[in-house]
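Encoded as structure tokens, the structure appears first; notes follow it.
Order of the sequence lines sets the chain letters (A, B, ...), proteins ahead of strands, with each chain counted from 1.
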Amino acid sequence: MVSNNLEINNLHASVILDDETEKGILNGVDLTIKPGEIHAIMGPNGSGKSTLAYSLAGHPKYNITSGSISLAGTDLTNETPDVRSRAGLFLSMQSPAEVDGISMINFLRTARQAHNNETGEKLVLTSFMKEVGQAYSDLEIDDSFKSRSVNVGFSGGEKKRHEILQMKLLKPKFIILDEVDSGLDVDALRIISREVLSYAKENNAGLLIITHYNRILEEITPDFVHVFAEGKIKKSGDKEFAKELEKTGYDNWVNN
Amino acid sequence: MCVRTTIESTPKSDRDYYILISDKKTAFADIILDSNNDDIKYEIYDTNNFKILINLNTPNVNVNVYALYLASNSSAKLHTIVNHNAPDCTSFVHAKGALTGSKARTSWIGDVHISPNASGTSTNEKNENLVLTPGAKAVSVPNLEILTGEILGARHSSSITNFDDEQLFYLTSRGISETAAKSMIVGGFFDSIISKFPAGTAIENVRKTIENEFIK
């Protein structure tokens, strides 16, 4: 039987620096996430946890040197970001790019069309527009944003809400939230958490929350918590482990 | 080739000029418009070196110049000159250039001259360049000469940016193929100019040129 898991096996990755030298960041990450499970990765700045997020999504800056990533039995290790997305992986980014001259609605429609092409499902514009309207209202965003250029001039919170809006419209199997709680006010954090949680529940989607703080984990209770340092998972535990980490800090997990 | 269309003058003058420079052939065009030729539109093709001189000799004229220049492993040059010779005129020059191929070179020179009797002048020059290939070089030179203290405003801005890998990653991370994403980004860059062009002009040719030369 083919598993529906997201499997990360002994993943090693390096970053390609501006002078074209490489620096190892991930040093053997092993993690399996089953559909419907919520995992949190916590760790200090510079531990490589965001690199893990971007390596999973296929950012060209990161070079996977060994190990593998697979989703529902499909090997994604060497695939481009668009293939990974269409396979059902979604990364909510900490600082999504601004793209001038492309309206949000055009972007959403093109992205959804690409996903539908994969499944062979026809995109009916009228019902898609309804879905978009619903998503805007769920995320409590004014739908005049639809006609604005992608992320251009959006506040931090507006960008994050649009990330989750995209999640809802692209219907991923696995969701990675990279530092989704940074720079969010209490209301926005509550709305985003509510929407992610209800989507994950309804669709039995796997969730990987990458965070420095405990804030988001008070809204979304993880099944598993992993402490990440020096490019790998150092220890795993349950939700109580997150509270312990909050108290004791990350120092115990970092050498020197 | 230069196509000119003359339309009837209106009492209060809003004049728009559209310039396209999109080829590798060497050519030179120098067009002088005086204020008797209100409301003239130009479309220029098949030239990679173009100069436009606009003399604002009558009061209360608003002029907009929208220009695109594309260099695909070749050179493209644009020189815009706006002479404010009469009071209470406004001018806006918006020029966008794109370069692809390591041998691509572009230059934009934008001269605005505000004469001593051109009080109440408002002028804005904006130049943006998108470099798609390392090694391609864009030069941007705004020149502003102001000979009266009685102006409303004089602004200019220039930018030269490299094609943004982060934008490409963002769009592809949402399932859009790299080719389609590149097309969207480059198209988005040109959109603010192209959307200004009137229908039935050489827009389709421009879109094709962009598609063929800049999105591969």
> When you measure from the side chain of Arg174(B) to the backbone N and O of Ala111(A), does any donor-acceptor pair fall under 3.5 Å?
Replying inline: no
> Which atom pair, heavy atoms only, marks the closest approach of Phe107(A) to Met184(B)?
Replying inline: CA-CE, 4.1 Å
> Can you pull out the residues in residues 131-139 of chain B with any heavy atom less than 4.5 Å from chain A?
Replying inline: none
>> For Lys103(B), is the NZ atom crowded, meaning more than 12 foreign heavy atoms sit under 6.0 Å from it?
In response: no
> Between Val99(A) and Ile185(B), does a side chain to side chain contact (heavy atoms under 4.5 Å, CB included) hold up when you go through it step by step?
Replying inline: CA-CA 7 Å; Val99(A) 195; Ile185(B) 294 164; 4.0 Å; yes
> Do you know which of Gln166(A), Arg112(A), Arg84(A) has the most heavy-atom pairs with chain B at a distance under 4.5 angstrom?
Replying inline: Gln166(A)
> How about Glu22(A): does its CD atom have over 12 heavy atoms from other parts shown lying under 6.0 Å from it?
Replying inline: yes
> So, His59(A) side chain and Glu166(B) main chain: donor-acceptor pair closer than 3.5 Å or not?
Replying inline: no
> When rounded to the nearest 0.5 angstrom, what is the spacing between OG in Ser177(B) and CG in Asn117(A)?
Replying inline: 10.0 Å
> How far does OG1 of Thr110(A) sit from CD1 of Ile176(B), to the nearest 0.5 angstrom?
Replying inline: 5.0 Å
> Listed by chain and number, what are the side-chain contact (heavy atoms from CB on, under 4.5 Å) partners of Lys23(A), not counting sequence neighbours?
Replying inline: Val15(A), Leu17(A)
>> Is Glu98(A) close to chain B through its backbone or its side chain, or both, or neither, when contacts mean heavy atoms under 4.5 Å?
In response: backbone
>> Nearest 0.5 angstrom please: Asp100(A) CG to Asp164(B) CG, how far?
In response: 11.5 Å
>> Is Leu171(B) close to chain A through its backbone or its side chain, or both, or neither, when contacts mean heavy atoms under 4.5 Å?
In response: both
> Heavy atoms under 4.5 Å from chain B: which residues of residues 149-160 of chain A carry them?
Replying inline: Val150(A), Asn151(A)
> Which atom pair, heavy atoms only, marks the closest approach of Gly58(A) to Phe169(B)?
Replying inline: C-CE1, 3.9 Å
>> Would you compute the distance between atom CD1 of Ile102(A) and atom CD of Gln167(B) and round it to the nearest 0.5 angstrom?
In response: 7.5 Å
> How about residues 127-144 of chain A versus chain B: which residues have heavy atoms under 4.5 Å apart?
Replying inline: none
>> Minimum heavy-atom separation for Gly175(B) and Ala114(A), please, with both atom names.
In response: O-CB, 3.2 Å
